[in-house]
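Structure first, commentary second.
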Amino acid sequence: MLKLRVIPTMLSKGFTLVKGTRFDGARAVGSAMQAVQVYNLRDVDELCFFDIAATSEGRGPDLALIDELADRCHMPLTVGGGVHTADDVRALLSVGADKVAIGSAQFDHPATVRAASDRFGAQCVVVVIDVWRGGGDPTVWSHNGTRDTGVEPAVWAKEVELMGAGEIVLQSIDHDGMMDGYDLDVLAAVTSAVDIPVVASGGAGTFDHMVDAVHIGGASAVAAAAMFHFTQQTPAEAKQHLAAAGIPTRC
């Protein structure tokens with residue numbers, strides 16, 4: 001078994017970090033630069049940084065901001081938000097991103113993942129899959145959870161794997177910010193459908209939620225935002241708890 005990664009997620013509007021619940025009611029929770037400096041000291045495996053305003057504002061990635069963050073980030077950095085083309089991927093890699101996350105663009109521009117994977121390698125191409133049940137069957141939603149694509153999560157996951165994605169971040173809108181646990185049913189369905197790593201995201205509130213994501217959901221990595229922003233729990237403590245549950249983690 002590969003060692004599990006523990007990944008804090010940062011959502012931003014410019015230099016300001018924000019957090020809400022179920023993709024709504026975002027409020028400021030601090031500075032992106034300060035958070036990077038804190039995580040540098042906290043035994044973090046990777047960071048995810050998503051600009052949630054880029055798509056709705058119709059703009060590309062803030063390259064100057066990513067350049068500044070990457071210069072101070074001592075761990076691998078995945079960046080998403082406003083990525084529409086393979087040229088956007090190239091630009092982010094050139095300013096220091098280690099991986100680039102693609103979400104809505106794959107619906108608007110279906111060749112994006114394949115073009116980026118062919119040009120830069122699957123290892124740096126991440127696809128974000130946002131899933132919402134809304135009281136019914138889970139489907140993939142795009143454009144910050146505003147458009148229902150009608151596609152089943154496991155079906156879409158297999159499609160993007162075939163397109164060249166090297167990793168999937170599976171985000172539950174229903175559980176986002178609720179700290180009530182990951183959507184284990186959807187997670188298990190997606191991890192069973194693909195052979196690439198799947199990062200569980202949306203709902204982590206305790207270390208046991210992370211254990212369940214691995215033992216029940218089959219996740220290769222666990223991401224958390226509210227858990228690390230609003231509680232005293234740390235990534236290092238998460239690794240200790242996971243190791244005690246028999247899950248190997250990175251030192």
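All values below come from the heavy atoms of this structure, side chains included, with hydrogens, waters and symmetry mates left out.
- The main-chain N or O of H84 is found under 3.5 Å from a side-chain atom of T112 such that the two form a donor-acceptor pair.
- I196 CD1 to S220 OG: the interatomic distance, rounded to the nearest 0.5 Å, is 9.5 Å.
- In this structure, the side chain of S56 engages the main chain of A53 through a donor-acceptor pair within 3.5 Å.
- Neither V169 nor L184 shares a network with the other; the hydrophobic side chains, linked directly or stepwise wherever heavy atoms of I, L, V, M, F, W or Y lie under 4.5 Å apart, form separate groups for each.
- V44 and L17 fall within a single hydrophobic cluster, where Ile, Leu, Val, Met, Phe, Trp and Tyr are joined by side-chain heavy atoms under 4.5 Å apart, directly or via other members.
- Distance alone, capped at 3.5 Å, is enough to place a donor-acceptor pair between the Q123 side chain and the F120 backbone.
- Using a 4.5 Å cut-off between side-chain heavy atoms of Ile, Leu, Val, Met, Phe, Trp and Tyr, with links allowed through other members, F49 and M227 fall into the same hydrophobic cluster.
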Salt bridge (Lys or Arg N to Asp or Glu O under 4.0 Å) assessment of K19 paired with D176: CA-CA 9 Å; K19 193 70 190 79; D176 173 60; 3.1 Å; yes

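- To the nearest 0.5 angstrom, F50 atom CZ is 8.0 Å from L11 atom CG.
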Start with the C-alpha distance between R114 and D118, add both sets of side-chain angles, then the distance that settles salt bridge (Lys or Arg N to Asp or Glu O under 4.0 Å), and finish with yes or no. CA-CA 6 Å; R114 171 52 62 195; D118 287 347; 3.1 Å; yes

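- Donor-acceptor pairing under 3.5 Å is recorded for the side chains of T139 and D148.
- Checking side-chain atoms of T191 against main-chain N and O of G217 turns up a donor-acceptor pair under 3.5 Å.
- A ring-centre distance under 6.0 Å is found for F107 and W156.
- Note: L93 CG to R119 CZ = 10.0 Å, rounded to the nearest 0.5 Å.
- Side-chain polar atoms of H175 and D180 form a donor-acceptor pair below 3.5 angstrom.
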Which is it for L2 and L4 under the side-chain contact (heavy atoms from CB on, under 4.5 Å) test, yes or no, and what are the steps along the way? CA-CA 6 Å; L2 295 176; L4 187 84; over 6 Å; no

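- Side chain of R5 to main chain of A221: no donor-acceptor pair is present (N/O by atom type, distance under 3.5 Å, no hydrogens or angles).
- The backbone N or O of E68 sits nowhere less than 3.5 Å from a side-chain atom of D71 that would complete a donor-acceptor pair.
- Counting heavy-atom neighbours within 6.0 Å of D137 CG, excluding the residue itself, gives a total of 12 or less.
- Between D108 and H143 there is a side-chain heavy-atom pair separated by less than 4.5 Å.
- Under a 4.0 Å N-O distance rule, the pair E237/R42 does not qualify as a salt bridge.
- A distance of 10.0 Å separates CE of M178 from OG of S172, quoted to the nearest 0.5 Å.
- V113 and L162 fall into different hydrophobic clusters, where Ile, Leu, Val, Met, Phe, Trp and Tyr side chains are chained together by heavy-atom contacts under 4.5 Å.
- Counting heavy-atom neighbours within 6.0 Å of E152 CD, excluding the residue itself, gives a total of 12 or less.
- Checking side-chain atoms of D98 against main-chain N and O of L77 turns up a donor-acceptor pair under 3.5 Å.
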Show, in sequence, the C-alpha distance, side-chain angles and deciding distance for D45 and K239, and conclude whether the salt bridge (Lys or Arg N to Asp or Glu O under 4.0 Å) test is met. CA-CA 10 Å; D45 296 320; K239 291 185 184 184; 2.7 Å; yes

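- The existence of a salt bridge linking R59 and D51 is confirmed by a sub-4.0 Å separation between a basic side-chain nitrogen and an acidic carboxylate oxygen.
- In this structure, CD on Q171 lies 10.0 Å from CG on D174, to the nearest 0.5 angstrom.
- Judged by distance alone, the side chain of D67 and the main-chain N or O of L63 form no donor-acceptor pair under 3.5 Å.
- F23 has its side chain out of reach of W132: every pair of non-hydrogen atoms, C-beta onward, lies at least 4.5 Å apart.
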Does the salt bridge (Lys or Arg N to Asp or Glu O under 4.0 Å) test come out yes or no for E57 and K13, once each step is laid out? CA-CA 11 Å; E57 293 174 0; K13 289 185 176 181; over 6 Å; no

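- Between the side chain of H109 and the main chain of Q106, no donor-acceptor pair closer than 3.5 Å is present.
- Criterion: ILVMFWY side-chain heavy atoms under 4.5 Å apart, direct or through other members. Under it, V199 and I247 are not part of a common hydrophobic cluster.
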Go through the steps for L170 and D130 under the test side-chain contact (heavy atoms from CB on, under 4.5 Å), then give the verdict. CA-CA 6 Å; L170 185 67; D130 296 329; over 6 Å; no

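- Side-chain contact between L47 and C73: present, with at least one pair of heavy atoms (C-beta onward) separated by less than 4.5 Å.
- One N or O on the side chain of N40 and one on the backbone of H74 form a donor-acceptor pair closer than 3.5 Å.
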